[in-house]
Q: 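Below is a structure I'd like to ask you about.
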Amino acid sequence: MSDRTASNAPPSGGAEFRDVATAHTPFQTGRLMLWVVVILVVANFAWIVANNENFGWPVVAKYFFDPVVISGLYVSLGLTVIGMILGVVFGLLIAIARMSSDRLASSFASLFIWFFRGTPLLVQLIFWYNMSTLFPRLSLSIPFGPTLMSWDTNSVITPMTAAIVGLALNEAAYMAEIIRGGLLSVDRGQSETAQAFGMTRARALWRIIIPQAMRSIVPPTGNQLISMIKATSLVSVIAMADLLYSVQSIYNRTFEIIPMLLVAVIWYLLITTVLNIGQSYIEAYYGRSDRRNAGAVKPAAVTEEASH
């Protein structure tokens, strides 16, 4: 009885024991007030924009699903898909060449990345579009020998070809560095172990290294995809009928500049929102091993603490 009384007695110095079972997070009045202020400011701004006749919301609603706009949207999406696929494929090859011990392959990859990352995409698109100014004819010939085949440059480098080549090569330069960084994030011992078990370097790269590197490659690749859908707007300067070019063709006729630009902005925002959601799911897929490991470590840590 005396032991129980002594255990419940407060320690010397006047301190009192508190039951942590009844503890709760204190109410954060300042944070609540900050939320209220932010919501009010955002709601007020949205109200002002929605009721401002200068934005021309009826015109936005009228042309949002216009066939010309939808056609331009399809072109932008097509350029994004094709440019991104080619950029990833070429970027992977350039990244492997960049990491190669072969001096020629490494130097070529470094030069490629240096040039296409160091020049603006808009300049590259204009350059490809005006290729016929430098080379009126494209030919396949033996070096310092006879010409085997020849084509008119304007028939080969159309606005569509110039857009695809410009976007793909520019994206390949960025993807090469992204992929190289992801490959370097994998422990070198993984490759050495795979080769010790008889795997070729190519098989080890495809089956062991790349799957582990995807966790480091996917997030920046998602950012590049979002940047690509916005970069397609640059092809409007070479008379490519993308989304921006389509709305420009309409407001050049109707003089409704702001409403038509809002049409393009809303479509870009919708597409990037969908891509962001898809990116989050892909990141969750490749990060599932980390969550399993974290879930396995936590019970072990609790068990160890309980044993003490």
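Below, all heavy atoms of this structure are taken into account, side chains as well, without hydrogens, waters or symmetry copies. Note that the numbering runs from 1 along the sequence shown for the chain.
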Q: Within the 4.5 Å heavy-atom criterion, are I226 and Q279 side-chain neighbours or not?
A: yes

Q: Is a donor on one side and an acceptor on the other found under 3.5 Å between the side chain of T161 and the backbone of V156?
A: yes

Q: For residues M260 and E256, report the shortest heavy-atom separation together with the two atoms involved.
A: CG-O, 3.1 Å

Q: Apply side chain to side chain contact (heavy atoms under 4.5 Å, CB included) to V36 and L40, showing your working.
A: CA-CA 6 Å; V36 171; L40 288 176; 3.9 Å; yes

Q: Please determine, by modelled atom types, if S107 and S110 share a side-chain donor-acceptor pair under 3.5 angstrom.
A: no

Q: Might you work through the side chain to side chain contact (heavy atoms under 4.5 Å, CB included) test for I48 and F45, ending with a clear yes or no?
A: CA-CA 5 Å; I48 293 174; F45 179 76; 5.5 Å; no

Q: Hey, are the side chains of I238 and N130 touching, using non-hydrogen atoms and a 4.5 Å cut-off?
A: no

Q: Are M240 and V237 grouped together when hydrophobic residues (ILVMFWY) are joined by side-chain heavy atoms under 4.5 angstrom apart?
A: yes

Q: Given the rule in the side chain to side chain contact (heavy atoms under 4.5 Å, CB included) test, do Q124 and L167 qualify, once you have shown the distances and angles that lead to the verdict?
A: CA-CA 9 Å; Q124 296 176 31; L167 293 171; over 6 Å; no

Q: Would a distance-only check, ignoring hydrogens and angles, find a side-chain to backbone donor-acceptor pair under 3.5 Å from W57 to V49?
A: yes

Q: Taking all non-hydrogen atoms of both residues into account, name the closest pair between V247 and L244 and its distance.
A: CG2-O, 3.0 Å

Q: Is a donor on one side and an acceptor on the other found under 3.5 Å between the side chain of S106 and the backbone of D102?
A: no

Q: Does S185 reach the main-chain N or O of G182 with its side chain, forming a donor-acceptor pair under 3.5 Å?
A: yes

